[in-house]
Amino acid sequence: MNTRQNPGLGELLRYVNELVEQGAEDHYRAMSLSYRPRYTPVLRALHAGALTVTDITERTRLTQGAISQTVALLESDGLIARHALGDGRKSAIELTAAGRALVGKLERHWAATFAAIDRLEADIGYPFRRVLEAAAAALEREGFSARITAAQAALRQERQENPHGD
């Protein structure tokens, strides 16, 4: 008996993410780096000129909580340092010498990563990043919870209109 179910959206997204991160981790090990893939968006944003957690959040589309946790890890690994900005309410984040050296090593890897994404998109025949961006934009317009609620209402309406499944 085949009990396998069709995967849901969350399952597929997590699985694809696991496959991507595992492949990236394999390359970090081959580069002899002790590195967490979650560092990449933060380091890339800092390298591109972001100064605060808010700047990084705006550049990456990740949540402020996720960015703050990653910044704390980067700081504990000695890759970034924080210092107060003029008004004292926000901290500026900057790469340390170790962080700058790491980014220097990673720049070629990041270029290869984007080339690999291009090859993946060619292989699957879809502009995968654009599909994900469009999905994100649609979910920003109408959240998934609202979409589930609307689907439930439509299913209830359908059952009321056709109670015997005719």
Side-chain angles (χ1 to χ4, degrees), residues 6-85 88-124 126-148:
N6 287 331
L9 181 60
E11 291 172 70
L12 286 171
L13 289 171
R14 277 188 288 282
Y15 183 58
V16 168
N17 186 57
E18 287 173 14
L19 293 171
V20 168
E21 287 200 353
Q22 183 58 53
E25 287 174 4
D26 290 347
H27 277 268
Y28 297 135
R29 276 193 300 281
M31 296 169 68
S32 299
L33 294 178
S34 175
Y35 183 79
R36 301 172 198 230
R38 74 181 290 169
Y39 288 176
T40 299
V42 174
L43 290 178
R44 288 182 64 234
L46 290 170
H47 184 59
L51 295 174
T52 65
V53 168
T54 302
D55 292 344
I56 297 167
T57 301
E58 289 171 359
R59 289 174 187 252
T60 63
R61 298 179 120 186
L62 299 173
T63 66
Q64 189 158 348
I67 297 297
S68 294
Q69 289 174 358
T70 302
V71 164
L73 291 168
L74 285 161
E75 189 173 30
S76 70
D77 283 349
L79 299 172
I80 63 163
R82 292 190 237 201
H83 62 274
L85 289 173
R89 291 182 294 159
K90 284 188 175 183
S91 294
I93 302 165
E94 62 185 7
L95 294 168
T96 62
R100 286 189 300 277
L102 176 62
V103 167
K105 290 178 185 176
L106 290 171
E107 283 183 298
R108 283 190 304 277
H109 171 75
W110 292 338
T113 297
F114 279 91
I117 293 168
D118 291 341
R119 288 187 60 211
L120 173 64
E121 289 180 333
D123 187 33
I124 63 176
Y126 296 103
F128 193 50
R129 285 173 288 185
R130 281 194 293 170
V131 169
L132 292 173
E133 287 170 356
L139 290 167
E140 287 168 355
R141 286 190 304 275
E142 181 183 6
F144 202 61
S145 177
R147 291 170 187 274
I148 292 171

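These values consider heavy atoms only, across backbone and side chains, with no hydrogens, waters or symmetry-generated copies. One is the number of the first residue; the rest follow in order along the sequence. Just so it is clear, the model here is predicted, and its values are computed rather than measured.
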List the steps and the verdict of side chain to side chain contact (heavy atoms under 4.5 Å, CB included) for I93 and L51. CA-CA 5 Å; I93 302 165; L51 295 174; over 6 Å; no
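Proximity of Y28 to L106: side-chain heavy atoms (C-beta onward) are separated by under 4.5 Å at one or more points. By the 4.5 Å heavy-atom criterion applied to side chains, V71 and R82 are counted as neighbours. Two residues are said to be in side-chain contact when any heavy atoms from C-beta on lie closer than 4.5 Å; T52 and T57 fail this criterion. Between V103 and W110 the shortest side-chain heavy-atom distance falls below 4.5 Å. With a 4.5 Å cut-off on side-chain heavy atoms, P41 and L62 count as touching. Counting heavy atoms from C-beta on, the side chains of D55 and L46 never come closer than 4.5 Å.
For E107, the side-chain hydrogen bond (donor to acceptor under 3.5 Å, both in side chains) partners are H47, not counting sequence neighbours.
Once rounded to the nearest 0.5 Å, the distance linking OG1 of T70 with CZ of R36 reads 9.0 Å. Interatomic distance, NZ of K105 versus CE of M31, reported as 8.0 Å (0.5 Å rounding). Taking CD1 of I80 as the start and CG of L74 as the end, the distance is 5.0 Å to the nearest 0.5 Å. Interatomic distance, CD of Q69 versus CD of Q64, reported as 11.5 Å (0.5 Å rounding). Rounded to the nearest 0.5 Å, atoms CG (L79) and CG (L102) are 5.5 Å apart. Between atom CD1 of residue I124 and atom CZ of residue R119 there is a gap of 13.0 Å, rounded to the nearest 0.5 Å.
For the residue pair V53 and S68, the shortest heavy atom distance occurs at CG1-OG, 3.8 Å. Taking all atoms of both residues into account, the shortest heavy-atom contact from L85 to A92 is CD2-CB, 3.5 Å. In terms of heavy atoms, A45 sits closest to R59 at CB-CD, 4.0 Å. Contact record, R38 with A66: NH2-O, 3.6 Å, taken as the closest heavy-atom pair.
At distances below 3.5 Å, at least one donor-acceptor pair connects side-chain atoms of Y35 with backbone N or O atoms of T40. Under a 3.5 Å cut-off, the side chain of T96 and the backbone N or O of G78 do form a donor-acceptor pair. Counting only distance, with no hydrogens or angles, the side chain of E121 and the backbone of F128 share a donor-acceptor pair below 3.5 Å.
Surrounding NE2 of H27 are at most 12 heavy atoms belonging to other residues, nucleotides or ligands under 6.0 Å away.
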Return all side-chain donor-acceptor pairs below 3.5 angstrom for residues 6-25, not counting sequence neighbours, or 'none' if the list is empty.
from : atom 1 : to  : atom 2 : distance (Å)
E11  : OE2    : G8  : N      : 3.0
Q22  : NE2    : D26 : OD1    : 2.8

